[in-house]
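Below is one structure, written out as structure tokens; the observations come after it.
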Amino acid sequence: MKPITVNPQLHEDGQSTSIISRIWRIPALLAGGIMLAVLVLLAIFIPFISPHDPTGQDLSAFLQPPSAKHWLGTDQLGRDLFTRLIYAARTDLTIMVLAEIIPFCTGVLLGMIAGYYGKWLDSVISLLTDTFIAFPFYLIVIIVAFASGAGQRGIYITFMLVGWIVFARVTRGLTASFRQQEWVASAQTLGLPGIRIILRHILPNVLPQAIVVLMTDMVGLLVAIVTLGYLGIGIAPPTPDWGTMISDGQPFITTAWWLSAVPGLAVVYVGIALSLVGDGLADLWRKK
Amino acid sequence: MGAALQVKNISVHYGGFTALDSINLDLPKHTTLGLVGESGSGKSTLARVIAGLVVPNEGQVLLGPELLKRKRSREQHKKIQMIFQNPDASLNPKHSIRQILSEALLFHRIVDRAQVGTRCKELLARVHMDESALDRYPHQFSGGQRQRIAIARALSVEPSVLIADEPTSALDVSVQRSVLDLFSKLKSELDLTLLFISHDLGVIHEISDTVAVMKQGRLVEINDKDQFFSRPETAYSRELLSAVPRMPNLKPSGGFHEPRT
Amino acid sequence: MMAIRPVLEIDALSLAAKSNKKLVDNVSFSLSKGETLGLVGESGSGKSLTLRAILGILPRGIEQVGGTVKNEERSAMVFQDPRGSLDPLCPVVKQLTEVVYYRQRLSRRASRKAALELLHMLGLPASLQTSDRYPSQLSGGQCQRVVIAMALACKPGILLCDEPTTALDVTVQKQIMETISALQVELGFAMVFVTHNLAIAAAMCSKLCVMKEGKIIEQGNTLSLLQNPQNPYTQMLMNSVLPVPELEGSD
């Protein structure tokens with residue numbers, strides 16, 4: 001019998017094209033990516049861009065409006081607003097990313113275990129997630145922040161406690177649906193152990209969705225960091241942070257409104273960028 | 001001829017619902033048992049019990065002389081393999097064909113790492129696929145090709161019993177034929193014992209040596225193929241057989257007869 | 001015989017996807033009152049799309065790029081998946097009553113009566129009259145009967161059937177085929193019947209169009225087409241109906 005050769009013609013929606021050219025065709029991903037890249041590059045190279053010191057006070061030049069010397073003006077202590085804004089991006093974005101790593105990993109893992117094994121393991125994990133969800137997020141944040149003392153540590157601890165839940169819920173649902181699929185049953189009939197099926201087969205399939213959720217979740221986390229800073233239980237001054245910058249500018253809202261508005265807009269900017277990237281990634285993986 | 005597989009008194013209950021009701025079935029070595037039944041008859045559940053995917057509430061499965069325990073050994077797992085109905089869902093979409101075929105080879109240490117590539121190509125050749133398939137992904141293949149890859153994967157662990165659960169039902173009629181031919185060929189080449197499930201009596205007639213009929217979780221008839229198709233023992237089998245749409249008598253001399261009653 | 005004016009006339013119909021890929025190419029056929037035409041082919045042959053074009057419900061991204069569909073009578077469609085075409089959260093009598101109410105413009109009370117009559121005609125149990133059921137409480141065959149009742153509630157002159165028995169068991173398939181044929185005799189609608197199974201097409205249709213890759217490759221009277229297929233593809237489709245031997249003592 002003559003062997004049937006595999007049809008070399010790929011499906012027409014362009015799997016043959018490279019990832020890069022696919023990204024080009026998703027404007028959301030491109031726009032979000034550029035927005036993030038601009039901010040990250042600024043944050044990295046700010047010491048070379050700006051001659052000012054983020055914490056250096058100049059009481060002779062306080063509350064100045066934007067000018068060529070101070071692009072966004074100065075605050076009540078004469079510190080350059082633009083420089084502080086970008087240094088604050090350094091702090092806030094770093095915390096945002098670091099505080100998501102562990103919850104993301106544990107959430108995805110626990111979700112897959114719950115969804116795959118079901119039964120009592122699933123009940124326990126579901127009970128945990130439901131309990132945590134019943135508590136208002138900010139209540140937990142504020143309690144932990146007070147208990148562990150103000151500063152970054154509170155954010156990390158709180159997020160390790162509650163951050164994994166959203167990922168666990170998403171991956172649990174996905175895994176449970178993949179478990180019904182025949183490729184999982186095939187892996188089982190081949191005699192592969194459960195943990196191997198979870199890591200080798202299910203993980204690559206839940207990861208895209210989990211990463212999309214990660215993008216939206218990071219926006220929430222950023223807002224939480226900024227809120228804590230604003231409330232005075234987050235990052236302690238003089239370390240620049242958007243939250244403290246907003247609250248510092250508040251008394252001058254009638255005369256120098258940009259002091260509060262600019263860091264607020266920065267939060268919005270990152271929020272939009274991350275949402276665009278999330279949407280774009282979802283598009284990218286859906287199209288495949 | 002000894003039995004390759006024996007199903008003894010298997011019952012499966014889901015809540016109050018009885019999916020399988022004391023099923024007894026023998027699969028003689030190197031034969032094909034065609035299992036027929038309508039939806040909800042429990043034929044897929046029986047397949048999953050035999051493949052070890054569903055644990056029965058009662059009864060036992062024997063592989064040759066060995067009793068299969070609730071937790072099967074690796075060797076026992078390898079001996080019974082299953083092909084599923086839906087070619088869109090039977091291959092992990094994120095794995096290349098190379099990964100799909102080599103995973104069990106490596107895990108069960110069937111061949112050395114160095115020989116995995118060669119073995120994968122041999123497996124593809126067995127199911128009449130070109131070796132250029134290795135570095136592609138499941139979505140790049142048609143339903144029939146995917147079903148061939150699924151068969152190659154099942155063969156990678158060198159099973160003695162192959163269960164096929166409606167393997168051609170989701171395929172186009174033109175592809176169905178070639179996949180059926182492949183099953184027959186593999187069965188004789190590799191001395192397999194085949195349990196072939198289908199709701200399509202034409203397919204069952206094509207491939208089986210023995211036919212078993214299930215209805216609502218019970219086995220209503222087991223019969224030799226020719227016996228079954230010409231002189232079925234039970235009224236239900238007769239009803240099934242008479243419901244099959246047939247091509248009209250196409251001899252130019254004969255009148256065109258439309259059975260509509 | 002007098003030439004009857006066709007109720008459905010399709011002339012050089014072409015459908016294409018946004019990417020300009022032709023999915024249905026230059027398809028023409030016509031259908032007279034009470035006649036059944038079978039569209040036969042494998043997946044991707046464009047048979048379901050042709051049906052959707054007749055009803056004017058093309059999927060998004062697919063456009064008619066040429067040809068005409070002349071539709072003299074109202075048409076209604078029966079889909080392959082009976083459960084998918086019913087609202088799972090609405091009991092079936094109520095669903096059917098709604099269709100009758102809006103399509104036939106009867107009073108609420110009369111609509112319900114007409115709905116129950118339709119269900120009776122399709123052989124659904126009379127117990128539905130007193131206790132309405134949800135689609136999930138009915139079998140697949142019963143759901144398909146409800147779907148057919150809903151299509152008939154539109155008083156169609158043309159019934160479009162897209163593989164109406166493919167998802168059903170053989171015994172149920174036979175019953176549904178018989179029901180559709182009987183209703184056609186009674187109500188006199190024309191029918192376009194899409195299927196991949198030539199045996200079913202042969203039993204249901206007086207004319208056949210064999211489709212492949214968007215084109216009609218062969219069409220004609222069912223019997224003469226099957227007796228003397230011109231195209232090797234038609235022959236292949238005929239061979240793919242795996243034979244089941246005749247039962248002894250069935251005749």
Side-chain angles (χ1 to χ4, degrees), chain A residues 1-19 22 108 112 116-119 171 174-211 284-288, chain B residues 48 50-53 72-95 97 99-100 103-105 107-108 124-125 127-134 136-142 144-145 148-150 153-154 156-157 159 163 165 178 181-182 185:
Chain A
M1 212 186 277
K2 197 172 142 263
I4 296 166
T5 39
V6 174
N7 180 10
Q9 194 109 47
L10 304 180
H11 291 208
E12 74 240 50
D13 43 331
Q15 268 92 30
S16 52
T17 49
S18 69
I19 299 244
R22 291 218 320 265
V108 169
M112 286 194 302
Y116 184 80
Y117 288 106
K119 297 190 185 147
T171 45
L174 282 173
T175 308
S177 75
F178 288 138
R179 186 135 180 20
Q180 310 295 325
Q181 300 247 1
E182 292 167 351
W183 48 265
V184 174
S186 306
Q188 289 170 337
T189 38
L190 286 171
L192 305 176
I195 197 69
R196 185 180 168 107
I197 295 176
I198 288 178
L199 294 177
R200 295 280 298 260
H201 290 254
I202 292 177
L203 182 62
N205 285 284
V206 297
L207 211 51
Q209 193 64 45
I211 288 173
L284 181 75
W285 285 316
R286 200 173 23 240
K287 274 180 187 163
K288 196 176 174 187
Chain B
R48 282 170 180 259
I50 297 172
L53 295 169
R72 296 182 182 182
S73 71
R74 277 190 181 194
E75 212 47 46
Q76 291 167 338
H77 260 300
K78 281 157 58 181
K79 283 296 165 212
I80 304 178
Q81 288 302 310
M82 183 159 168
I83 312 290
F84 297 87
Q85 172 174 8
N86 187 352
D88 299 339
S90 58
L91 304 175
N92 188 337
K94 298 278 176 188
H95 284 186
I97 307 307
Q99 279 173 293
I100 287 169
E103 178 164 31
L105 289 177
F107 180 77
H108 291 300
L124 282 178
V127 296
H128 304 308
M129 297 254 316
D130 194 88
E131 57 189 54
S132 67
L134 277 181
R136 295 179 194 275
Y137 285 82
H139 67 259
Q140 295 173 306
F141 295 95
S142 69
Q145 290 169 331
R148 285 168 191 274
I149 295 165
R153 173 181 57 191
S156 71
V157 292
I163 306 166
D165 186 2
S178 63
D181 290 344
L182 178 64
K185 191 192 72 122

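Letters A, B, ... are given to chains in the order of the sequence lines, protein chains preceding strands, and every chain is numbered from 1. Below, each value reflects all heavy atoms present in this structure, side chains not excepted, and no hydrogens, waters or symmetry copies.
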Quiz item: Do you know which two heavy atoms are closest between B:Gln81 and A:Leu190, and how far apart they sit?
Solution: OE1-CD2, 3.3 Å
Quiz item: Is it the backbone or the side chain of B:Ile100 that comes under 4.5 Å from a heavy atom of chain A, or both, or neither?
Solution: neither
Quiz prompt | Minimum heavy-atom distance B:Phe84-A:Ser186, with the two atoms named | solution = CE1-OG, 3.3 Å
Practice problem: Of all the heavy-atom pairs spanning A:Gly191 and B:Phe107, show the shortest one and how long it is. | Solution: O-CE2, 3.6 Å
Self-check item: Interatomic spacing from CH2 in A:Trp285 to NZ in B:Lys94 - rounded to 0.5 Å
Solution: 8.0 Å
Practice problem: Over all heavy atoms of both residues, which pair between B:Asn92 and A:Arg200 is shortest? Give the atoms and the distance, please. | Solution: ND2-O, 4.3 Å
Exercise. Please confirm whether the backbone N or O of A:Pro204 pairs with a side-chain atom of B:His95, one donor and one acceptor, at under 3.5 Å?
Key: no
Quiz item: Is there a donor in the side chain of A:Gln188 and an acceptor in the side chain of B:His77, or the other way round, less than 3.5 Å apart?
Solution: no
Quiz item: Relative to chain A, which segment of B:Arg153 carries a heavy atom at a distance below 4.5 Å: side chain, backbone, both, or neither?
Solution: both
Self-check item: The single option from B:Leu91, B:Asp165, B:Asn86 passing side-chain contact (heavy atoms from CB on, under 4.5 Å) against A:Glu182
Solution: B:Asn86
Practice problem: Could you look at B:Glu103 and say if it's the side chain, the backbone, both or neither that has a heavy atom under 4.5 Å from chain A? | Solution: both
Quiz item: B:Gln76, B:Gln85, B:Arg74: which one forms the most heavy-atom pairs within less than 4.5 Å of chain A?
Solution: B:Gln85
